[in-house]
Amino acid sequence: MTGNEDTAVLSVIDLSKSFGGIHALNDVSFEVARGELLALIGPNGAGKTTCFNMLMGQLKPTRGNVYLHGEKITGRQPRRIWRKGVGRTFQITGTYQSMTVIENIQMALISHHRRLYSLRPYATHLYRDQAMRLLELVGMPEQAERACAILAYGDLKRLELAIALCHEPTLLLMDEPTAGMAPRERIGLMQLTADIVSERNVSVLFTEHDMDVVFTHAHRIMVLNRGELIANGSVEEIRNDPLVQEVYLGGGSVFAASDGHA
Amino acid sequence: MGLFIAQLLTGLANAATLFLVASGLSLIFGVTRIVNFAHGSFYMLGAFVGYSLMQVLPGAVGFWASVLLTGLIVGLIGVIVEMLVLRPVYRAPELFQLVATFGVILVIQDLTLMIWGAEDVLGPRAPGLKGIVRIMDEPVPTYDLALIALTPFVLFALWYLISRTRLGVLVRAATQDREMVAALGVNQAWLFTGVFFLGAGMAGLGGAIQLPKGGADLLMDFNILAAIFVVVVIGGMGSLPGAYIAAVLISVLNVFGVSYLPQSTLVLMFVVMAVVLTIRPYGLLGREEVVGEHGQVGEPERPIKPASGRARMMVGVLLVLLLALPMTGSHFLVILITDIIIFCLFAASLHFLLGLGGLVSFGHAAFFGGGAYVAGLLVIHAEAPMELAFLLAPLGAGLLAVIIGWLCLRLTGVYFAMLTLAMAQLLWSLVFQWDEFTGGDDGLVDVWPAGWLSEANSYFYFTAIVGVGGIILLRHIAHSPFGYALRASRDSQRQAEATGINTKRIQWMAFTLAGAMAGVAGALFVFSKGSVFPNEMEIAKSFDGLIVVFLGGVKTLSGGVVGAATLELVKDYLTRFEYWRLALGLLIIAVVVLAPYGIVGSFRKLFDRYRQPSEPETVAAESRQ
C-alpha cells in the first residue's frame, strides 16, 4: 500500500480463496485508481473469475479484504455491493429471457430507483427514456423491442454493459467482455468502454484473452497465474516482462508481433 | 424391551416396500428429470397384479415367482407408458411431463377399478412364512424377518447395477449430463425406456411384496405417494443408500408413532422431514442440485405485454355476459359458474407463482384448504360473522404461506416442489387427525354465508366480484415492477442479485401473495358449499391446480384461468359417466401430446401461422440453416 488509499476506487488486500485443497487465489493485492482501465490477464484457470466473484460478493474469500472507496465490502452480498456503485458483466451472460431488450434495462433502473416492491402497473412504461438513452449509448436502440431470448451473443454482452451502467457505478467489473464477439465488434465494444471511462469518470477492471484488445485499451495490466499475481505494470512493462511471456504464452511471439497496436 | 425390538423389526420390514418404491422414483427422476407422479399407480398395479398371480401360482415357489413376474409385468407397463405418453413430450417445456403423468394416474385408477373391482383385496400370506417367531416373548411374523433379510440384497443388487455395470455407468452419466451422453452416441430414448422399466418394475415389486402384510385397494396410489416423496427428499435425490436409510427412519418412526402418539402418526413423518431438511437441505446423503444451464427448451419465450384494446373488450363482453347469467334462471348454471370462478382464482394464484416466479409448488392446495378451514373454524368455534371470517381467511392462508414459504424457499427446483408437497401433506394430516378441533374426516359443516348472501344468485355476484377482482389484481401485479422483479429472479437470479434485487425476498412475498389469494378462493369455496372437508387440501387438489396451469399454458398470462375454466367444464360433463377418470385421463394425455404449449399457447401459435411469421420463428428458421 503506497499511501494512495484516498484516491483508490478499489483496494484489494491479500485476497485468497481455496476450494478444498486447491488454492484458486493466493494473497492477491492490487488497487484500481479513479478513471483507470485496468486489465487482469492470465491463462485459463489462473483465478480471474474467482477473483471477480469475490470482488462482487458471489463468493466469500477464505482470507483477505476488499475495500471500495476505503469502505470494507468483503463478503457482502452482490446486491449490496451493487448498491455501493459496482456494476458487473458476466463471462456467461445472464439476461432476462422473458423480457424485451429495453425491459431488461428498465428492470435494473427500477431497482436503481428503488421501486422494486411497487404493485402498480405498468412496469414497461417506467424509465423508458432513460433506458433508451442507455441503449443508444451501447449502440443498439433499434433492438429495443426485440425479445431478449433471440439476441446475438455480442448484443447480449452490450446489453449487459447497459444494465451494469444503470446504477451509475463508479467501478465496472467486466469478465471477458468481448468473448464470443467478432473482431470488429470487439474493437467497438472496447472503444465504447474506453469512452465510458473517460466521459463518466468510471473505473473499469476487466479480464480478457485477446491481447490486441488488452494492449490497445488497457491503461495498466496485471497478470495472474495459478492464483498468484506475477506482474503488475504498464502495457510496455508487461509486454517486455520475460516471466510474463514465459508463463502466459510459453515464448510469446504475439507479444513481439503486436507492436503496432500500442 | 421385547416390545421395543419387535416394533423396530416391524418398522424395518415396512421399510422394504417403501425403499423399493422410492428408489424407483429416485432413479427415474435422476435420469429423465421427470417427477413421475404415476409412481404410486405402478405400486398399486403391482399389488393387484401380484394378487392375481398368487391366486394362480401355488406354493412357496409360486409366491416368489409371482412377485418377480409382477415386477416384470409392471415394468413392461411402465415401458408402455413411457413410450406412448412421455416420449412425445420430452421436448416440451420443463415439467410439462408432469401433467402427462397425472393423466396416467387417472387412467390406471379406472382400469384397475374395471379389472379388479372396487372391493379391497386382502393379500395372501406367504407360503412357508406364515408363522411367527418369538423374540424376547414378543411375536414377530416370519415374513417380516424375511423382508428384513431381503432388503439389503436388493439394495446391494441395485448398487451393483448402478455402480459396477455399463448400464449403471450410462445411467449415472445421464443423471449428470444428458446432452453429453447423447452426444457420445448413446441412444437416449432407449436409456430412458430402460430406466422406466427398472423404476416401474421396482414399484411393482414393492406392491407385490407388501401383499402378505397388507393387501390391495384403490387408494394405495395416492397414499404412498407422499411417503415416497418424503423418503426421496430425506434420503437425498438420487442416492440409493439415502433412500434406504430414510425408508427405515420413516417406517420405524411410524410404527413407534402408532403405539405412542396415535393421534399424530401422519404429522410425525413430515415433522421429521422438516427437521432433516432444516439441517441438511439436500437430504441425508444428497448433493446440492446443480442447476444446470440446460439451454433453451423449445422456442424462445415471448415477452408479456399489457392486454391490447381488443383483448380488453373481449374480456369486458365476457364479464357482462357473466353478470347477466342469473337472468337465465338456471340454478344449475349459476352454481356451476360459481364453482368455476372459485377454481379459476385458485389456478390464477398458482399460475402467478409458477408461471411468473418459476416456483413449482406441488402443495398449493394447502392455502386453498387453509383459507377454507380458517374461515370455517372461525365460524364454528368463534362464532365469527361471515364477513369477518371471510376477511381473516386470506390473512390466515397468507400467514401459513409466510411460514411454509420461508422453509421451502431455502431449496430450489424439484426439492422445493417436493418440500411444498410435504408441507401441504403435513397440514392435511393435521386437519385430518385433529378430530376435536377440525372435525377430522367429517369436515366442518354448517358454514353458511351471511343473510344478505344466502341466495345462490347473490352469492354468485359476490363470487364474481371477488373472484374476478382477484384474478385482475394478480394480472395487474404481473405487470407491476414487483411482477417484473419476480420474473427477473426466475430468469436469471445471478443477474437480478447483481443489480440490487433481493430475489429470495421477492419470491417469498410472491409465495405469500399467491397463498393469500388461494386463501380467498378457499373462503369463497367454504361459504358456497357450506362445508369443507380435508380433501380440499390433499394432494389431488394440488395436482388439479398444476394440471390446469400446465394445460392452460405456463408461459401465457391467461393460462391458469383458461385452463381452470376448461377443466371444470369438461369435468362437469365427464363426471356423469361411470369411468370418467379414464376419459379425463386420456383427454389430458391427448392434450399434452397434441398441444405441448398448453391451450392458450397452442391457440396463439395457430393464430400466428395465419399472420406474418413472428420473430422467434424467423430466427429459429435462420439458425436451422
Side-chain angles (χ1 to χ4, degrees), chain A residues 53 56-58 77-84 86-90 92-127 145-152 159-160 163-167 169 173, chain B residues 293 295-307 355-358 472-506 509-510 513 554-557 614-623:
Chain A
N53 282 341
M56 192 65 196
Q58 275 97 3
Q77 282 163 312
R79 61 171 184 275
R80 305 222 182 270
I81 296 176
W82 180 80
R83 289 258 174 239
K84 298 212 169 290
V86 183
R88 170 167 189 187
T89 68
F90 293 91
I92 300 162
T93 55
T95 46
Y96 309 132
Q97 300 282 300
S98 68
M99 300 183 196
T100 62
V101 169
I102 194 163
E103 282 173 346
N104 264 270
I105 301 175
Q106 286 170 292
M107 185 73 249
L109 287 171
I110 286 169
S111 179
H112 167 65
H113 290 282
R114 295 185 174 275
R115 295 268 303 258
L116 285 171
Y117 298 99
S118 157
L119 295 181
R120 285 185 50 203
Y122 289 92
T124 189
H125 299 323
L126 287 174
Y127 315 117
E145 298 303 331
R146 296 188 81 192
C148 188
I150 58 173
L151 280 193
L159 174 58
E160 269 205 331
I163 292 173
L165 289 173
C166 283
H167 194 51
L173 304 175
Chain B
E293 303 272 317
Q296 195 144 1
V297 186
E299 64 181 62
E301 202 171 325
R302 74 177 74 191
I304 59 169
K305 288 195 192 108
L356 297 178
I472 292 175
L473 178 70
L474 283 171
R475 207 186 150 91
H476 266 257
I477 294 175
H479 286 296
S480 74
F482 177 75
Y484 270 60
L486 181 62
R487 263 195 304 148
S489 310
R490 173 198 69 182
D491 283 355
S492 175
Q493 187 166 25
R494 187 188 59 180
Q495 178 72 267
E497 284 282 338
T499 48
I501 300 175
N502 187 340
T503 54
K504 282 289 174 217
R505 190 196 287 169
I506 295 269
M509 287 169 71
L513 177 70
V554 180
K555 294 185 170 177
T556 49
L557 267 187
S614 66
E615 211 174 13
E617 275 163 355
T618 344
V619 169
E622 275 166 18
S623 61

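Chain naming here is simple, since letters A, B, ... match the order of the sequence lines and numbering starts at 1 in each.
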Roughly how far apart are B:N502 CG and A:R80 CZ, rounded to 0.5 Å?
7.0 Å
With a 4.5 angstrom heavy-atom cut-off, which part of A:I110 approaches chain B: side chain, backbone, both or neither?
side chain
If one checks every heavy atom of B:A496 against chain A at 4.5 Å, the contacting part turns out to be both
Could you tell me which portion of A:R83 (side chain, backbone, both or neither) has an atom closer than 4.5 angstrom to a non-hydrogen atom of chain B?
side chain
Using side-chain contact (heavy atoms from CB on, under 4.5 Å), reason through B:I501 and A:L116 one step at a time and then give a plain yes or no.
CA-CA 8 Å; B:I501 300 175; A:L116 285 171; 3.8 Å; yes
Give a yes or no on this: more than 12 heavy atoms of other residues, nucleotides or ligands lie within 6.0 Å of atom NZ of A:K84.
no
Largest heavy-atom contact set with chain A, pairs under 4.5 Å, which of B:G483, B:S480, B:A478:
B:S480
Nearest heavy-atom contact between A:L126 and B:P481 is CD1-CG, 3.5 Å
Mind running side-chain contact (heavy atoms from CB on, under 4.5 Å) on B:Q495 and A:E160 for me, showing each step along the way?
CA-CA 9 Å; B:Q495 178 72 267; A:E160 269 205 331; 3.2 Å; yes
Within the structure provided, determine whether A:R115 and B:F482 are in side-chain contact (heavy-atom separation under 4.5 Å).
no
Which answer fits A:M56, side chain, backbone, both or neither, if we ask what part of it has an atom under 4.5 Å from a heavy atom of chain B?
side chain
Among A:T124, A:I163, A:I81, which residue has the highest count of heavy-atom pairs closer than 4.5 Å to chain B?
A:T124
If you round to the nearest 0.5 Å, how far is CG of A:L119 from CE of B:M509?
7.0 Å
Of all of A:R88, A:M107, A:H112, which one pairs up most often with chain B through heavy atoms under 4.5 Å apart?
A:M107
What part of A:E103 lies closer than 4.5 angstrom to a heavy atom of chain B: side chain, backbone, both or neither?
side chain
Select one option (side chain, backbone, both, neither) describing which atoms of A:Q106 are under 4.5 Å from chain B's heavy atoms.
neither
So, B:R490 versus A:S98: side-chain donor-acceptor pair below 3.5 Å or not?
yes
Nearest heavy atoms of A:G94 and B:R494, plus distance in Å
N-NH2, 3.3 Å
Roughly how far, to the nearest 0.5 Å, is the OH atom of A:Y96 from the OG1 atom of B:T499?
3.5 Å
For B:Y484 and A:M99, the nearest pair of non-hydrogen atoms, with its separation, is O-CE, 3.3 Å
